[in-house]
Undergrad: 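Structure in structure tokens, see below.
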Amino acid sequence: VTVESEVREFIAEKLNAKIGELSDDASLIASGVLDSLGLMEVALYLERQYRIEVADVDLHADNFETVRTIARYVTGKIR
Amino acid sequence: MDPWLTQEQRDLYETITRFAHRELNDDLQSRDEQGAFSWHGWKKCAELGLPGLAVPAEYGGAGADAVTTMAALEALGYGCRDNGLIFSLNAHLWAGAMPIVKFGTERLKRRYLPGLCDGSLIASHALSEPEAGSDALALTARATLTADGGYELTGTKTFVTNAPVADVFIVFASTDPARRFAGVSAYVVDRDTPGLSVGKQVGKLGLRTSPMSEIHMEHCRVPASQLLGPPGAGLAVFNAAMRLERAFILAAGVGALRRDLERCVEHARLRRQYGRPIGDFQAVAHRIVGMRLRLETSRLLLYHVGRLLDAGHDAALEITLAKLHISETLVTSALDAVQVHGGAGYLTGDAERGLRDAVGSRIYSGTSEVQQNIAARLLGLGLPERQDRKDVIA
């Protein structure tokens, strides 16, 4: 199990996206999968799932553009 | 004995209460009818350092911690019956000055914060639009990159508290609507920027002494140095401002609850019907006991949040619950205050104005419905069970 696969599964289930279309580098923002409410859902999921704190200042596209950037953000926080 | 406050904070509470009684209540009825902002009151608050309460001292603020700030605002709400002035002060501090503290460059901080703290500048937060309320980032206001690397802002903002009196606006606009929240940035815009105009003051149910209007931007050019945070950080700026505003804005409401309660107790003791004080009747007494109980629970929630913030916690759930509870309590207790005063409470005056002023608290800084949605998510409702993390490849 990877962070990428878990995040992908969560987004597919909660944000009504097709898991096959959520490649690691596909933009979740440009595709319309992730809006501001969805972003908060993902942030809360990350906080609960990985016991990290997602600060307000971290809520920007650099961290949430793709499944891969989300996973990178999470692993950076865990370390 | 107040278990939440130190002796120093209690002294501050008493000082601000006396100050507010003395300086902030003049001519309130007339100003409420006219929707007139109290420049006198603002200047007096500024002399006491209230517009910069939570701003770090190095930028001219008081640098107060959360509990001290709450105590000061509670005292202000207790002593000052001009709820509109207090609302303007909160909007200025939490949605105007603090975003600059948290996201501004050193140059922006040095340029704006001293004036925002000494009250010579008034700040305003311009996010909402006709079609972007609770869905706050569904903006139509646009920011277009200019050849010199700056931005040109175009669009209309509604429900802009302080706009008629503000010197500086925190304006949210999108450079790329297709990127939704990620396209939204926040800009610090001076009132005298060419292309920015302030609309006519709008009438409101309550908080009438806190002026509000639309602002319009037409080819309004701002340099890139006026950006708050990196491009696309609008959501982060908004979230941080709202979290602070929700945590603190109803501290003054708790003071107002105490003021209303004491007025009701006094009235129930003095007002006589059937040959005895109306407080002798259980129907009246129980209503007042309910007001006292809600004051206590509101105060507990408020200072619990303050303690958590001062201990370094984000207190997201506690802030949401406190905002929800205190705002609902303000309306319930304001209705009770009208009822205790009977016909006199229905006439133009403190109880009537208090009720009108209270209603807004269930709407501003996120409606009560939005607070419940946030709380539900923070409780994990709708989220999957947390899995054992041992098998995750980081």
Undergrad: When you measure from the side chain of B:His92 to the backbone N and O of B:Leu116, does any donor-acceptor pair fall under 3.5 Å?
TA: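 Checked: pair present.
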Undergrad: Chain B heavy atoms under 4.5 Å from A:Leu34: which part of the residue, side chain, backbone, both or neither?
TA: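 Contact with chain B: backbone and side chain both.
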Undergrad: Within the side chain of B:Gln226, is there an N or O that forms a donor-acceptor pair under 3.5 Å with the backbone of B:Val188?
TA: yes
Undergrad: Can you tell which part of A:Ser31 gets under 4.5 Å to a heavy atom of chain B, answering side chain, backbone, both or neither?
TA: neither
Undergrad: Select, from B:Ala182, B:Gly234, B:Ala240, the one with the greatest count of heavy-atom pairs under 4.5 Å involving chain A.
TA: B:Ala240
Undergrad: Assign the ring pair A:Tyr50 / A:Tyr45 to parallel, tilted or perpendicular, where the plane angle (0 to 90°) is split at 30° and 60°.
TA: perpendicular
Undergrad: Kindly assign one of parallel, tilted or perpendicular to the pair B:Phe172 and B:His125, based on the angle between their ring planes and the thresholds 30° and 60°.
TA: tilted
Undergrad: Would you mind checking which part of B:Asn239 comes under 4.5 Å of any heavy atom in chain A, side chain (CB onward), backbone (N, CA, C, O), both or neither?
TA: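 Both backbone and side chain.
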